[in-house]
Amino acid sequence: MRAIRDNAWLPTDVTEGKIISGMSAWSLAPSRTPVSGDDDMPHPVKLSPRPLATPDFLALGETPANGSLRACASLVGGQIDTSAAQTDPAIAALIKAAGLVFLFRYGVVVTVGARDDATLGLVAALRPHIADPTALNERESALIEHDPGAPDNVGAEGQIRLADLGRERLTLVAIVLARSVALARDEFLLWDAFDRIAPLVTDLQENGRARLPIRSAMQLVGNVLAARHRIIGTAQVDERPDLLWDHPALDRLYTRLEAEYELKERADVVQRKLDALGGFTEALLDIVQDKRAFRVEIAVIALIAFEVALSLLNLIAR
């Protein structure tokens, strides 16, 4: 049995009770087997390396039998080690009370039908597997209503109506909510990066030069690059889920959810801001190089003046 991750086939060892990795595995056993997924400036964000064959998300637990369900996506950190989480017995013990749980590698947890206390307990148990825990309280929630026989749609008040509560549909809802939360994190990182560069831009505009020390400038470059790296290498919200390849009938539902949460528009804005940050980073590096070149020129002039002074002293001594 194999599953898709990052457009590559990865062999997955599947036995009774084990978790299947990847999105396409939903089509295998939807109701029986859980599925496997300057000094005063802040330092650049450090990302932990991604383990080999880490699933992009895990789906654990069973769908609650209620007619209406509350789906909630929470940002918990920069990354979740999903491979380690799927074998953690402390997490397994909390899954039943948390309902259907999705753990996304880019640091988002989505619960369907879970109580708030159960979600808090699950996040606490996940802490050892979370890289770069965040203090951002980014959440996205939606009410899921079961409407048998009716087409999948999104209501005027944002409620999601599904023809059935099968795992494929709930997976698609979880993916959209997780991407929306990840986009909110990216939007904050970009706002923070632009906020940091604002004093330098003002200095250049008013004084025609940057008085920022080289060390501080390089720290600023590092922060900007860290923000770009995290945003580019995480959720990839502009890509359609692999789930739609196996279930093309859900394409219309995804299109409606994508429009409801404005994923494409927000992703386009993020990309334009990333491009602007890239141009600023190049300009900042040019400023740093000019500062260093100026220092080298001063050093060379000083050495020449020192050599001339020594020569004059030798002439006087004779």
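Note that these values count all heavy atoms, side chains included, but never hydrogens, waters or copies made by symmetry. None of these values were measured; they are calculated from a predicted model.
A single hydrophobic cluster is seen to contain both Val270 and Trp191, as judged by linkage of ILVMFWY side chains at heavy-atom distances under 4.5 Å, directly or through other members. Transitive grouping of hydrophobic side chains (ILVMFWY, heavy atoms separated by less than 4.5 Å) brings Leu183 and Leu136 into a common cluster. Put simply, Leu250 and Trp245 are part of two different groups of oily side chains (I, L, V, M, F, W, Y) that touch within less than 4.5 Å, one to the next. Hydrophobic cluster membership differs between Val269 and Leu263, with clusters built from Ile, Leu, Val, Met, Phe, Trp and Tyr side chains linked at under 4.5 angstrom. Under the 4.5 Å side-chain contact rule for hydrophobic residues, Leu120 and Leu126 do not share a cluster.
In this structure, the separation between CG on Leu190 and CG on Leu274 is 5.0 Å, given to the nearest 0.5 Å. Put simply, CG on Asp192 and CZ on Phe194 are 11.5 Å apart, with the number rounded to the nearest 0.5 Å. One finds the CG atom of Leu165 at 4.5 Å from the NE2 atom of His146 (value rounded to the nearest 0.5 Å). Taking CZ from Phe102 and CG from Leu170, the interatomic distance works out to 6.0 Å, rounded to the nearest 0.5 Å. With values rounded to the nearest 0.5 angstrom, Asn137 atom CG is found 8.0 Å from Ser74 atom OG. Put simply, CG on Leu100 and OG1 on Thr111 are 9.0 Å apart, with the number rounded to the nearest 0.5 Å.
In the displayed structure, Arg139 atom CZ is contacted under 6.0 Å by at most 12 heavy atoms of other residues, nucleotides or ligands.
Side-chain atoms of Asn153 come within 3.5 Å of backbone atoms of Pro151 as a donor-acceptor pair (strictly under, hydrogens ignored). Judged by distance alone, the side chain of Arg266 and the main-chain N or O of Ser180 form a donor-acceptor pair under 3.5 Å.
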task: Would you check, one step at a time, whether the test side-chain contact (heavy atoms from CB on, under 4.5 Å) holds for Asp251 with Arg240?
output: CA-CA 9 Å; Asp251 189 81; Arg240 301 182 70 77; 2.3 Å; yes
- prompt: Taking it one step at a time, do Leu75 and Val109 satisfy side-chain contact (heavy atoms from CB on, under 4.5 Å)?
  reply: CA-CA 7 Å; Leu75 178 69; Val109 176; over 6 Å; no
- request: Give the intermediate values and the outcome of side-chain contact (heavy atoms from CB on, under 4.5 Å) for residues Leu162 and Ile144.
  value: CA-CA 7 Å; Leu162 301 179; Ile144 301 175; 3.6 Å; yes
- request: Determine, stepwise, if the pair Gln79 / Tyr106 fulfils side-chain contact (heavy atoms from CB on, under 4.5 Å).
  value: CA-CA 5 Å; Gln79 290 181 357; Tyr106 44 83; over 6 Å; no
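Between Pro128 and Ala124, the closest heavy-atom pair is CD-O, 4.1 Å. In plain terms, the two heavy atoms of Gly61 and Ile95 that are nearest each other are CA-CG2, 3.3 Å. Residues Ala150 and Ala163 share a closest heavy-atom pair of O-CB, 3.2 Å. Pairing each heavy atom of Tyr261 with each of Ala142, the nearest pair is OH-CB, 3.4 Å. When every heavy atom of Ala184 is checked against every heavy atom of Glu138, the shortest pair comes out as CB-OE1, 3.3 Å. Shortest non-hydrogen contact noted between Ala178 and Val110 is CB-CG2, 4.0 Å.
Ion pairing between Asp268 and Arg272 fails under the 4.0 Å rule for side-chain N and carboxylate O.
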Side-chain donor-acceptor pairs under 3.5 Å in residues 296-311, sequence neighbours left out?
from: Ser311; atom 1: OG; to: Glu307; atom 2: O; distance (Å): 3.0

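No side-chain heavy atom of Pro148 sits under 4.5 Å from any side-chain heavy atom of Asp164. Side-chain contact between Leu243 and Leu172 is present, with at least one heavy-atom pair separated by less than 4.5 Å.
Every residue meeting the side chain to side chain donor-acceptor pair (under 3.5 Å) condition with Tyr254, not counting sequence neighbours, appears here in chain and number order: Arg179.
Contacts classified as salt bridge (charged side-chain N to carboxylate O under 4.0 Å, His left out) and involving residues 141-161 (residues at least two apart or in different chains) are given here: Glu145-Arg161, Asp152-Arg169.
Each of Val101, Ile80, Leu103 was evaluated against Leu58; a single residue qualifies, Leu103, per the side-chain contact (heavy atoms from CB on, under 4.5 Å) test.
Under 3.5 Å, the side chains of Asp88 and His129 contain a donor-acceptor pair of N or O atoms.
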